[in-house]
Amino acid sequence: MKEEDLNKHKEAFLNEAQGYVNKMNAILIELEKTPGNVDQFHELYRAVHTLKSMSATMQYIEFSKLCHAIEDLLETIKTKKMKLGKCIDVLFECIDFIKMLLGNIEAGKEEENASVPIKKIFVCINEKLTKKKQIFTQETARLHAGIEKVKSIEVKANKLDALLNLVEELLINKMKLEGIEDSLQNAELTSTVQTIGRVISELQYHIMQIRMVQIGFVFNQFLRMSRDLAKQQDKLVVLNIRGADIGLDRSIVDEISESLVHLVRNAIDHGLEPPDVREKLNKPAQGEIKLSASRIKDFVHIEISDDGQGVDYNALKKQGLQNKLITENATLDEIHNLIFSGLSTSKSITSVSGRGLGLDIVKQKIESIGGTIRVHSSPNKGTTFSIEVPHTLAVVKALFVKVRQRIYAIPVANIERVVISEQDTIKNTIDQEAIILENQEVPIIRLQKLFGGKNAISIKQPTVIVRREEEKLGLTVDELMTTEEVVIKPLNPYINESKHFSGSAMIGSGEIVLILDIAQLFSMQPVVKRNVI
Amino acid sequence: MYERKNECGKGAKMKKLLIVDDSPFFRGIVKDALFKPESGFTEDTLKVVEAKNKETTFSQIDAHNPDLVILDVVMEDSERAGVEILKEIRKLHPALKVIILSSVGQTDIVKECEEYGIIEYLEKPFEPEKLITVVKKYL
């Protein structure tokens, strides 16, 4: 259901849910006194059950996950005929958490992650099930080893953010120190600065490691989602996961998980056929969705593939031609990429209806964090989306450039190379300037002009060649500076409007530099020329 | 006004549907979905009445004689409230069409309901389009 449709029911939801929370509290208090009260227990069960359905309907994911876990706990107690015992504390805690979630919803805030109470529930379930078996071994172990040592601790994510901020301060001061060292030329100072530099890099590395979240955290949530969706649509689906242990920075996981949900939903909704159709096509009745992740250098490669009907190639091509987005001799990849242009929302592409809905937004989102997405599809064999995202967002290596007396940063990952273009090698067409590199026309953007200046024509102009997949773009600047590691900060919303920047960073002088958003600069290009001359 | 008269004149009989759910929230969600523009239903072509328990279900059936019932299973007073209501409906109104709308993972109860005769089974949370398709199929 759409968000605006659901908003109408928010008040009714809050009222009713609040009632259930109060009721659950009262029942638990009663059950604490008389744990054997079956009627009360069942009433509690029904309340949780209804809350689960209600929150799932409102698409409050954390809320419904927590209710589901509570339901599991009550189910275990019911079927194993165990007493509520210690679980009652956990149940109270869960209700408090639900109350807090309701507060979040009422205030229009984002839902808080419910993994802490959910984890407690599972500990409770497992403890109950294995308690009897473990009693003996635990006792002996205690005799031998004393108290068990703490091997891992839970840390709030915002504390890690604070640590990263401190590292940023250190990086800035290191840069200042390097400046001082340069002017003083003292051997002892030089070696100390080098040591500090190494220690800071190591510190930064370890903090980045701690911030890593396994992609399985997101992938595993799809197991249930795909099961429920498939059931809803009378389809049979198996979801296979590979590379769940691949680590990604928490901020990247936050950015991409919504896109992944979208792609998995799409695969079930529109990719996989109903079992009878599949059997007619000599395919197994059960469709398969594969989710895999692998690490390639500084990038994580994620693939989402289904063995469904594939994209309707001809219809897509027809639409692309009609809208003049491609030419008659467009390659297969070019046609497939039309899926990201918001095209297939058109009525005429019936067999993939809805496929394209929102995929343009998925692409935008992934590109905004410096990633790429591609699609490959064959009729009746299925569709594969390949996504590549940097494994960390927070720290990037950037080239500093000066444009109209201000410093900007360009992420090194986007840079192909740097050239000095001479004025007479710049080719002028009607709406576009371009330079010629290895017989290829590379369009250029003069940053001086983009940032409000006149077209400064100098004889020799440093030009940074950036790339996005196969496309190249030249950015002319006034001066090239150094390459440094910077900690990216989100932009103030008012700067964001200009859309040329993806973030900001502070440098040694205390100056704030803006980081160029390469994907956006590419999308400013009217037509990217690739013709070989 | 004119159009309304005209429609009645064509003999378009107003359909009646009963939603049985103890949760006002869910009754609201179902009702909202049924009157989405794409459903084609308006207040002139579909009358929706509501009931929150067994007792009100039968008073509403007696009062409005609905063409279709959308029935929840787990209700405040019992985990099997819907099943009990369905049994009673079969006794008193054998031909009344019933759609079960219940939470996921209640396969046992659904099987039992199927034995008593239901025309469709939908899970909460549901997609409005799916509900509309099913309701239109039987109305």
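This is a predicted model, so every value here is computed, not measured. First the proteins, then the strands, lettered A, B, ... as listed; each starts at 1.
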Near B/Glu55 CD, under 6.0 Å, is it more than 12 heavy atoms from other residues, nucleotides or ligands? no
B/Lys130 side-chain N/O to A/Gln232 backbone N/O, donor-acceptor pair under 3.5 Å: yes
How about B/Lys47: does its NZ atom have over 12 heavy atoms from other parts shown lying under 6.0 Å from it? no
Please check if atom CD in A/Gln59 has more than 12 non-hydrogen atoms from other residues, nucleotides or ligands closer than 6.0 Å. yes
Interatomic spacing from NZ in B/Lys124 to NZ in A/Lys52 - rounded to 0.5 Å: 11.0 Å
side-chain contact (heavy atoms from CB on, under 4.5 Å) filter on A/Ser257, not counting sequence neighbours, yields A/Val218
Report, as yes or no, whether the 6.0 Å neighbourhood of atom CD on B/Glu84 holds more than 12 heavy atoms from other residues, nucleotides or ligands. yes
Output the residues of residues 97-107 of chain A for which the shortest heavy-atom distance to chain B is under 4.5 Å, in residue-number order; output 'none' if no such residue exists. none
Return the set of residues passing salt bridge (Lys or Arg N to Asp or Glu O under 4.0 Å) with B/Glu120 (not counting sequence neighbours), or none when no residue passes. B/Lys137
Proximity breakdown for A/Gln233 and chain B, heavy-atom pairs closer than 4.5 Å: backbone
Filtered by a 4.5 Å non-hydrogen cutoff, the part of residues 19-30 of chain B contacting chain A is B/Asp22, B/Ser23, B/Pro24, B/Phe25, B/Phe26, B/Gly28, B/Ile29
Can you tell me how far apart OG (B/Ser103) and CE (A/Met54) are? Round to the nearest 0.5 Å. 11.0 Å
Under the 3.5 angstrom rule, does the side chain of A/Arg46 hit a backbone N or O of B/Met75 as a donor-acceptor pair? yes
Which region of A/Asp5, side chain (C-beta onward) or backbone (N, CA, C, O), has a non-hydrogen atom less than 4.5 Å from a non-hydrogen atom of chain B, or is it both or neither? both
Is it true that B/Lys52 and A/Glu16 have a side-chain N and a carboxylate O under 4.0 angstrom from each other? no
Do other residues, nucleotides or ligands put more than 12 heavy atoms under 6.0 Å from the NZ atom of A/Lys8? yes
